[in-house]
Amino acid sequence: MRKYILTAAAALALALPAASFAAEAEIHIPAEKWSFNGITGHFDKEQVQRGFQVYKEVCSACHSLEYISFRNFEALGYSEAQVKALAAEYEVEDGPDDNGDMFKRKAKPSDKLPKPYPNEKFARSANGGALPPDLSLIAKARHGGPDYLFHLLRGYDEAPADMKLADGMSYNKYFPGHQIAMAKQIEDDKVTYADGTKSDADQIARDVSAFLMWTAEPKMEVRHATGLRVIIFTLLFTVLAYFLKRRIWARIEQH
Amino acid sequence: MTNATEKTTLRKIFDWHEQRLPIVSFIDHAVGTQYPAPRNLNYFWNFGFIAGFMLAVMTVTGIFLAMNYVAHTSMAFDSVERIMRDVNYGWLLRYMHANGASFFFIAVYIHIFRGLYYGSYKAPREVLWWIGLLILLAMMATAFMGYVLPWGQMSFWGATVITSMFTAIPWVGNAITTLLWGGFAVDYPTLNRFFALHYLLPFVIFGLVFMHIWALHIPGSNNPLGIDVSTKDKIPFHPYYTVKDAFGVGVFLLFYFAVVFWAPNALGEVDNYVKANPLQTPPHIVPEWYFLPFYAILRAIPNKLLGVIAMFGSILIMFVLPWLDTSRIRSATFRPVYKWLLIVFMLDCALLTWCGAQLPEGAPLILGRIGAAWYFLHLLVLTPVVGWLETPKPLPASIGEPVLRPAE
C-alpha cells in the first residue's frame with residue numbers, strides 16, 4: 001500500500017498523466033445570474049425555500065446533507081413552530097434507553113437531517129456501484145459552483161454516436177468525462193411548488209442550485225454585510241492616516 | 001499645574017519601573033524616536049511592517065481556531081465545518097486565517113524583491129538577509145502544515161506528494177519519510193504532529209523576527225539609493241515611519257478584507273471542500289499559489305532526486321547571493337544592465353508561478369523548464385558576470401539637503 005501511494009504520488013508530482021483529464025478543462029460553464037452574486041448579494045429566501053422543497057422531494061432519496069440541522073432552516077424564514085413541525089415529519093434513531101435498547105423517535109430541531117443510506121457500502125449497492133455525494137458543500141466543492149450545478153442538472157442529452165456509454169450511465173454535457181451515474185432527475189413539473197411558482201425544469205434546477213449554495217455557505221449574507229462595514233471603516237482609517245502622514249512629514253519636507 | 005522640574009506621580013512610577021526594566025526605552029530604540037532611519041525610504045519599505053502585522057493577525061486568529069479545531073482524521077474536516085457554521089464568527093476567523101496566509105506571503109515576497117532590487121542583502125547586511133531567508137523557510141513549513149489541517153482532498157494529497165519528496169534522498173529517504181508521517185502513510189499521526197508543529201513554528205518565527213530586527217539595527221536600514229547615510233539625512237522612525245506604516249497597512253488591509261469578505265475561496269482549491277479520501281486521487285494536485293514557482297521547478301526536471309535538489313536549491317542558493325553578486329553597488333537604480341536583468345528575473349518568477357498551476361505537459365512544461373533554467377542561470381552565472389562587466393552610474397554623495405535646517 002505504501003509503495004503504491006509513493007509511486008502514485010511521485011508519478012503525479014513529476015509527470016501527471018494528463019491526457020484523460022484534458023476534457024475536464026475544456027468544458028465551458030456559462031455564468032448564470034444569482035441573487036447572491038456581487039458584494040451585496042443575498043439569498044432569495046423564497047427561491048431557497050423552493051430549492052429545499054426540490055431537495056426534499058427529489059434529491060434526498062439518494063443524497064444526504066450531513067452538515068444541515070433542522071434548526072438551520074430558521075435562517076430561511078421558517079418560524080420556530082414550522083421548523084418543529086418539519087422535524088417531526090422525520091424519524092431518527094436514538095438511545096440506548098434505560099433497558100439498553102435503541103429506539104425511534106420524532107426528530108427535533110437540533111437533529112441533523114437523516115441520511116438516505118446507513119453507510120457507504122449500502123449506498124453504492126443501491127446505486128449500481130456509484131456513491132451519491134453528500135450535497136452540503138457541493139456548491140463550493142466543484143468548479144463553477146451553482147452555475148455548474150444548474151447546467152449539470154439541465155445538461156443531459158443524447159450521447160454522440162461515437163461515444164459508448166457504460167451500463168447504467170447517462171451522457172451529460174457538463175460532467176467531467178461526460179459519463180454520469182446519476183440519471184436525469186429534473187423535468188418540467190417534477191415538483192408542484194407550494195408558493196404557486198411555475199415549475200418548469202429550468203426553474204427547478206435553478207432553485208435547487210440556489211438552495212445548495214445556501215447549504216454550502218450559510219453565513220454569506222452576514223459576511224457580505226460585515227464586509228461592507230469593515231471596508232468602510234478601514235477606508236476611513238486609511239484616509240485619516242494619509243492626511244496625518246502628510247501633516248507630520250510636512251515638518252521635514254522642503255517648502 | 002506641576003512645576004517643570006517636579007515629576008508627576010505617574011512619571012515617578014514610570015521612571016521607577018524603567019530603571020529596573022527599561023522596556024519602553026527598548027521599544028523606543030527599536031521602532032520609536034531613538035531609531036534613526038534614512039529619510040528617503042519609499043513605499044516598498046512598508047512591507048516589513050506589514051509582514052509583521054500579518055504574523056500577528058495569523059497568530060491571533062490561529063489561537064482561536066485551535067480552540068475549536070480537532071486534530072483527528074475522522075473529525076478534522078467536520079470540526080472545520082462546525083467552525084464555519086456554529087462557532088460565533090468562526091467563518092470570519094477561518095477566512096481571515098486562510099487568506100491571511102496568502103497575504104502574509106504577498107507582503108513577504110514584495111519585501112524580498114525590494115531587498116533584491118535595492119541590494120539590501122549586501123555587506124554589511126548579510127546576516128540580516130540570512131535571518132530573513134530562515135523566516136521564509138519557517139513560513140513555508142508552517143503554511144504547508146496548516147494547509148493539511150482541514151483534511152480535505154488537497155490537504156491529504158498535497159501532504160502525500162510533498163512528504164514523498166523526501167524519499168528521493170538516497171539511503172535514508174524512506175526512514176525520514178516514515179518519521180515525518182509517524183507511520184507508513186499520511187494518516188492520523190501525521191495530522192497530529194503537523195498540528196503540533198503548525199502551532200509551534202509561528203513562535204519560532206517570532207524569535208527570528210526579533211533577531212531580524214536586531215540585525216537590522218546594527219547597520220541600520222538600507223535606502224533606495226543604496227548609499228551609506230550620514231546622520232543628518234536620518235529622521236526618527238517615530239513618528240515619521242510609524243505614521244507612514246499606518247497608512248501602508250490601511251491600504252494593504254483594504255485588499256485583504258476585500259478578498260476575505262467578498263471572495264474568500266478565490267485563492268483556494270475546490271477539492272479541499274471534499275473530505276480526504278486516501279483511495280481517490282484528485283485529477284490535478286496543486287499546492288497553494290505561493291508554492292507554485294517552486295513546484296514548477298520541481299516538475300521541470302524529469303528526475304525525482306534532481307528535481308527535489310533543484311527545488312530546495314532555488315531557495316538555499318539565496319543564502320550565498322551576497323557573494324554571487326560581485327557588484328559593490330547596492331541599489332539597482334545605478335546598475336543599468338543588472339536593473340533590467342532583475343526585472344526579467346521577477347517576470348521569470350511570475351512565469352514559474354503560472355507554470356506551476358498548469359498540467360505539466362506541452363507548452364507549460366516547456367515554459368516551466370525554460371523558466372527554471374533561467375532562474376539558476378540568472379543567479380549562478382549572470383549575476384556574478386554582470387557584476388564584473390557592468391559600468392555603474394555615478395553614485396550621489398548623499399541623500400540630499402540636510403533634513404533639519406541649520407539653526408537660525
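Predicted model only: the values in this text are computed from it and were never measured. By convention in this document, chain letters (A, B, ...) are assigned in the order of the sequence lines, proteins followed by strands, and residues within each chain are numbered from 1.
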When the ring centroid of A:W249 is compared with that of B:Y241, is the distance short of 6.0 Å?
-> yes
Under 4.5 Å heavy-atom distance to chain B, tell me which part of [X] shows up: side chain, backbone, both or neither.
{"X": "A:V222", "answer": "both"}
{"X": "A:F237", "answer": "side chain"}
{"X": "A:T40", "answer": "neither"}
{"X": "A:I138", "answer": "neither"}
{"X": "A:I232", "answer": "neither"}

Tell me, side chain or backbone of B:V260 under 4.5 Å from chain A's heavy atoms, or both, or neither?
-> backbone
Atom group of B:W91 that falls short of 4.5 Å from chain A, counting heavy atoms |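 Only the side chain of B:W91 comes within 4.5 Å of chain A.
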Among B:A263, B:P239, B:G248, who wins on heavy-atom pairs under 4.5 Å with chain A?
->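 Answer, by heavy-atom pair count under 4.5 Å with chain A: B:P239.
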Between B:Y240, B:Y95, B:Y89, which has the largest tally of heavy atom pairs under 4.5 Å with chain A?
->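 Max contact count across the listed options: B:Y240.
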Side chain to side chain, [X] and [Y], heavy atoms closer than 4.5 Å:
{"X": "B:W151", "Y": "B:V80", "answer": "no"}
{"X": "A:P132", "Y": "A:M182", "answer": "no"}
{"X": "B:W181", "Y": "B:S164", "answer": "yes"}
{"X": "A:H224", "Y": "B:F261", "answer": "no"}

Would you mind telling me which of A:A141, A:A241, A:A216 has the largest number of heavy-atom pairs within less than 4.5 Å of chain B?
->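 Ranked by heavy-atom pairs under 4.5 Å with chain B, first place is A:A141.
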Should A:E80 and A:R71 count as an ion pair when the cut-off is N to O under 4.0 Å?
-> no
Mark yes or no for whether B:D78, through its side chain, and B:M75, through its backbone, hold a donor-acceptor pair below 3.5 Å.
->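 Pair absent, no side-chain N/O of B:D78 close to backbone of B:M75.
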